[in-house]
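Following this message is one structure expressed as C-alpha cells.
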Amino acid sequence: MWAIILSIVMAILIGLIGDALVGHNMPGGILGSMIAGFVGAWIGSMLFGDFGPVIADFAVVPAIIGTAIFVFLLGLIGKLFRKAA
C-alpha cells in the first residue's frame, strides 16, 4: 500500500518539476501532473535508460527530463489547436 502511495506522490512531484522546467501550465492540476509524471517517467526511461537516483521505481533524472519533453509537446499541440480554432 505504501509503495502505491509513494509512486503517486513521486509522479506528482516529477510532474510539477517537469511542468516548472518548461514553463507551461499543465491542465488538470494535481491529477494532470500525476499523469504527466507517469507518462514522462515512461518516456524518460525509454529514451535515456535508468540512471541517477531511483525512488519508488522512478529513475528521477530521466523521469524529469521525459516529463519536461511530454509537457512541452502538449503545449505545442495545445497552441496548434488554439490557432486552428
Original post:
Do L21 and I64 touch side chain to side chain, with heavy atoms closer than 4.5 Å?
Top reply: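 Touching, per the 4.5 Å side-chain cut-off.
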Subject >> Cluster overlap V54 with L13, hydrophobic side-chain contacts below 4.5 Å >> reply: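 No, V54 and L13 fall in different hydrophobic clusters.
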**OP:** Measure the shortest side-chain to side-chain distance between V61 and P53 over non-hydrogen atoms and say whether it is less than 4.5 angstrom.
**Re:**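 When only atoms from C-beta onward are counted, P53 and V61 do touch, with a gap below 4.5 Å.
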Subject >> Verdict with supporting geometry, V60 and M10, side chain to side chain contact (heavy atoms under 4.5 Å, CB included) >> reply: CA-CA 9 Å; V60 177; M10 281 302 298; 4.2 Å; yes
**OP:** Determine whether L73 and I43 fall in the same hydrophobic cluster, where Ile, Leu, Val, Met, Phe, Trp and Tyr are linked whenever their side-chain heavy atoms lie under 4.5 Å apart.
**Re:**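 Yes.
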**OP:** List the atom of F58, the atom of G37, and the distance in Å for their closest heavy-atom pair.
**Re:**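 In terms of heavy atoms, the two residues are closest at CE2-O, 4.3 Å.
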**OP:** Please test L31 against I12 for side chain to side chain contact (heavy atoms under 4.5 Å, CB included), starting from the C-alpha separation and ending with a verdict.
**Re:** CA-CA 8 Å; L31 184 62; I12 292 169; over 6 Å; no
Subject >> Nearest non-hydrogen partners of G15 and T67, listed with the distance >> reply: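 In terms of heavy atoms, the two residues are closest at CA-CG2, 3.8 Å.
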**OP:** Walk me through it: do W42 and F70 pass the test side chain to side chain contact (heavy atoms under 4.5 Å, CB included)?
**Re:** CA-CA 10 Å; W42 178 73; F70 179 66; over 6 Å; no
Original post:
Can you tell me how far the CD1 atom of I65 sits from the CD1 atom of I17, to the nearest 0.5 Å?
Top reply: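 Nearest 0.5 Å value for the CD1-CD1 distance: 12.0 Å.
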Original post:
Do you know the tightest heavy-atom contact between F38 and S7?
Top reply: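 That closest heavy-atom pairing would be CZ-O, 3.9 Å.
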Original post:
Heavy-atom count around F72 CZ within 6.0 Å, excluding the residue itself: above 12?
Top reply: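 Atom CZ in F72 is not crowded, with 12 or fewer foreign heavy atoms closer than 6.0 Å.
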**OP:** Take atom CD1 of I4 as the centre, draw a 6.0 Å sphere, and report whether it contains more than 12 heavy atoms from other residues, nucleotides or ligands.
**Re:**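 Atom CD1 in I4 is not packed in, count stays at 12 or less.
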Original post:
What heavy-atom pair brings P62 and F48 nearest, and what distance separates the two atoms?
Top reply: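 For P62 and F48, the tightest heavy-atom pair comes out as CB-CB, 4.2 Å.
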Original post:
Can you tell me how far CG of L47 sits from CD1 of I69, rounded to the nearest 0.5 angstrom?
Top reply: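 Here the interatomic distance stands at 5.5 Å.
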